[in-house]
Amino acid sequence: MQNRQHAARVLGASGLLPFVALPVFVALGGPGWVIDLLRAYALLILAFLCGATWAECMARPADGALPLVISNLVVLASLVALLLPLSWGFAWLAGLFVVHALTEARWTRPAQHAAYRRLRTLLSGAVVLLLAATAAVAARGG
């Protein structure tokens, strides 16, 4: 178990790197298309998380279909971020990460191991803050 927890922490922290590195790379003069990579990456991470929520909810049939529907709607709604101006797209994604975190907290986190719950809370919070910061910088044109 300890080995898996360590791997989850390392992979989770590594997954935050693009949320930090890609906007910094663009701010330092990197090509503008790199920021679109971040939008796509955020969408992929959100889809991955919603899929994990789906799997956990399928194992708990007493919760009904609502968490499954919400997880699907979050993924579909995330596609809108690709059509919005950068600042609004990143703000939209940040909001969807919040919706996912609330859905996960309501339907799946109570059954999760405490260390995983803490990790998911920390990672989701960091992603929301980083996406919000990227939205603010994009709104200023930077």
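Partner of P23 under the side-chain contact (heavy atoms from CB on, under 4.5 Å) criterion, out of L38, L28, L130, L131: L38 alone. Of the candidates L46, L44, I45, L46 is the only one forming a side-chain contact (heavy atoms from CB on, under 4.5 Å) with S78.
Note: the hydrophobic cluster containing L123 also contains F48 (ILVMFWY, side chain heavy atoms under 4.5 Å, direct or indirect links). In the hydrophobic clustering of this structure, V69 does not group with V74; members are Ile, Leu, Val, Met, Phe, Trp, Tyr whose side-chain heavy atoms approach within less than 4.5 Å, directly or through other members. W88 and L43 sit in two unconnected hydrophobic clusters of ILVMFWY residues. Membership requires side-chain heavy atoms under 4.5 Å apart, directly or through other members. Each of Y116 and L122 belongs to its own hydrophobic cluster when Ile, Leu, Val, Met, Phe, Trp and Tyr are linked at side-chain heavy-atom distances under 4.5 angstrom. Grouping the Ile, Leu, Val, Met, Phe, Trp and Tyr side chains by contacts below 4.5 angstrom, directly or via other members, places I70 apart from M58.
The shortest distance between side-chain heavy atoms of R120 and L49 falls below 4.5 Å. Inter-residue side-chain proximity for F90 and V137 is flagged as unmet; no heavy-atom pair is nearer than 4.5 Å. Using a 4.5 Å cut-off on side-chain heavy atoms (C-beta onward), I35 and F25 make no contact. Within the 4.5 Å cutoff, the side chain of F19 has no heavy atoms near those of the T134 side chain.
Remark: Y41 OH is packed, more than 12 non-hydrogen atoms of other residues, nucleotides or ligands lying under 6.0 Å away.
When only modelled atom types and interatomic distance are considered, T53 and H100 share a side-chain donor-acceptor pair under 3.5 Å.
Here CG of L11 is found 11.5 Å from CG of L16. Values are rounded to the nearest 0.5 Å. Atoms NE2 and CD, from H113 and Q5 in turn, are 5.0 Å apart once rounded to the nearest 0.5 Å.
D36 meets the side chain to side chain donor-acceptor pair (under 3.5 Å) test with R39; sequence neighbours excluded. Legend: residues meeting side chain to side chain donor-acceptor pair (under 3.5 Å) with T121, ordered by chain and number and at least two apart, are R109. Residues that satisfy the side chain to side chain donor-acceptor pair (under 3.5 Å) test with T103, not counting sequence neighbours, are absent from this structure.
Here the closest non-hydrogen pair linking L68 and C57 is CD2-CB, 3.7 Å. When all heavy atoms of W92 and A77 are compared, the closest pair comes out as NE1-O, 2.7 Å.
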### Task
Give the C-alpha distance, both sets of side-chain angles, the deciding distance and a yes or no for side-chain contact (heavy atoms from CB on, under 4.5 Å) between W33 and V26.
CA-CA 8 Å; W33 59 263; V26 170; over 6 Å; no

